[in-house]
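Note that these values count all heavy atoms, side chains included, but never hydrogens, waters or copies made by symmetry. On a predicted model such as this, the values are computed, not experimentally measured, just so you know. In what follows, chains are A, B, ... by sequence order, proteins preceding strands, each numbered from 1.
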Amino acid sequence: MDKVTVEICCGTACYLLGAARLMELEANLPEELKGKVEFEAKACLGMCNDDRLGG
Amino acid sequence: MNQAAQYIRRELAIRLVRAFDAGTLRDEIDNIPVKLRPKNEPSSRCCIYHDRAVLKYRLMALLGYSIEDESDEAKTLASYLDDVVRDVAEGKDPYAGLEHKMAPLSVCGPACSGCPDAKVVTTENCRGCFARPCMYNCPKKAVSIVGGRSVIDQSLCIKCGKCVAACPYHAIVKTTVPCEDACPVGAIKKNEFGVAQINFEKCIFCGKCFNQCPFGAVMERSQLMEILLAMKKGEKLVAMVAPAAAKQFPGTIEQLLTACKKAGFAEVMEVALGAEKTTRHETAEFVERYEKDPKMIMTTSCCPAWVNLVAKHMPEHIDKVSLTPSPMVYSREIMKEKDPTLKTVFIGPCVAKRSEARRKDVDFVLSFEELGAILAARNIDVMSCEAYPLERPAEATARNYSHSCGVTEAVIAEAMSRTPDFKLNSKQINGIDKKSVAMIRLHLMGKIPTNFLEVMACPGGCENGPCSLR
Ligand code: SF4
Ligand code: SF4
Ligand code: FES
């Protein structure tokens, strides 16, 4: 199976509202997912400015 | 650490800055609680109406008001906002006439759950065992076995917890009032209405209760509005960023400084430059005191919660506190020399700095959280910012002031470079709590030999300050 890449937004809004903790996922993956998922810290994905997404 | 409360505070602050920038804050502010807790959606407390009431008070504290100072319950947030805007425009202090104008913290009554008094009780896990360690370990003979189960006589119990530790079935629990438990100086207590109240005569502003309340009832009084209004007026503000900022935001401290510039600060500086001066003076002061009296004890003065502790609770030792100004105070001096018209803003993780800033003419204090809210609202991404071109980076020892032992290491290095055979016998108190307060007294009375005592109120140092982002 190909590796899945998960992009985590580390833009300021997301970082303040919990993304900082999401980066800890990598260290806490269950055995069966180890080596199959990759995490990448990203700059603002542009979603924080969308009122429909919680704004 | 109460993350739910952190996130809601941050979300409110981001919304506040966004609406301020859009010019819609006055129209929107009273609707924010409704928007965040709409009907038919889940609530965090008993119902959305309770949630909304708490949110209103959180916004009141964000506007800079003490919730305790509310005199008219019907007063809208919009009219509080009008007051701040008017006073700032007229160059007046918006909080001048209020009883709690000097208090950096405020308890949100409707958020406080009035937690039941601390109590030690036996639970169903009790097996009424033969050994009965609970009974035999109780120094007050408060435990007896009734009907095959341990029972604690509350009139005798002193809540020492010996029985809790002794039971192998974890059958005895000690419940606490988290804020009262966390407070090192007994400054927070429930009042006659069962709501926590801070006694500001005793409070050292360490911020422990702020972090420990599971209901997020203790709030900081923010200066966010005053800062936003000053920026809008075109005043030149300088962001003085504490060394503890390293690793708080994604990116480097140089990138964070650029981000501050983009956010509207006219000037930026790292407070570590002030820390360099603190190191020089602190060392010189130590040498001077030592030469006068080799038996003296000197203690650090850069943690304001610590200085408050001495001043309010052990004034007999105040002469042992070094007179050297803190890195924040030196930073202010450096910037004011450069340009006296600058308004200084200390940006850090600390509640107690708010009280020090008032005493030392630093205009404003902004927490990392509040800075983050400004950056988020203005779409400034620290990680995508360029590194700020510093004239020179601060010395490594100065940047290390944010760790416990940082000051000591800096002073030792400086002393060694002056007089290599120097006799500095240093001790550190890493975090102020009920236990360490007792230790501190022993140190200051000379019962534990030391001549240089470093005290930081926060375990690990400022990087774990009450308003740190991690
Ligand atoms: S800030 Fe510190 S000293 Fe003040 S009430 Fe809270 S825990 Fe006690
Ligand atoms: S250790 Fe640092 S953050 Fe904590 S109270 Fe003292 S100065 Fe403030
Ligand atoms: S900060 Fe994450 S989407 Fe903007």
Can you tell me how far SG of A:Cys10 sits from CG of B:Asp381, rounded to the nearest 0.5 angstrom?
9.0 Å
Rounding to 0.5 Å, atoms CG (A:Leu17) and CD (B:Gln3) come to a distance of 11.5 Å
If one checks every heavy atom of B:Ile380 against chain A at 4.5 Å, the contacting part turns out to be backbone
Per-residue tally against chain B (heavy atom, under 4.5 Å) across A:Ala19, A:Cys14, A:Gly18 peaks at A:Gly18
Enclosure of B:Glu386 CD (heavy-atom neighbours >12, cutoff 6.0 Å):
no
Near A:Lys34 NZ, under 6.0 Å, is it more than 12 heavy atoms from other residues, nucleotides or ligands?
yes
Keeping A:Thr12 on the side-chain end and B:Gly372 on the backbone end, is there a donor-acceptor pair under 3.5 Å?
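Checking the backbone N and O of B:Gly372 against the side chain of A:Thr12, no donor-acceptor pair under 3.5 Å is found.
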How would you list, in number order, the residues of residues 247-257 of chain B that have a heavy atom less than 4.5 Å from chain A?
B:Lys247, B:Gln248, B:Phe249, B:Pro250
Please examine the side chains of A:Lys42 and B:Met383, heavy atoms only from C-beta on, and report whether any two atoms are closer than 4.5 Å.
no
Any B:Leu375 side-chain heavy atom under 4.5 Å of A:Leu16 side chain:
no
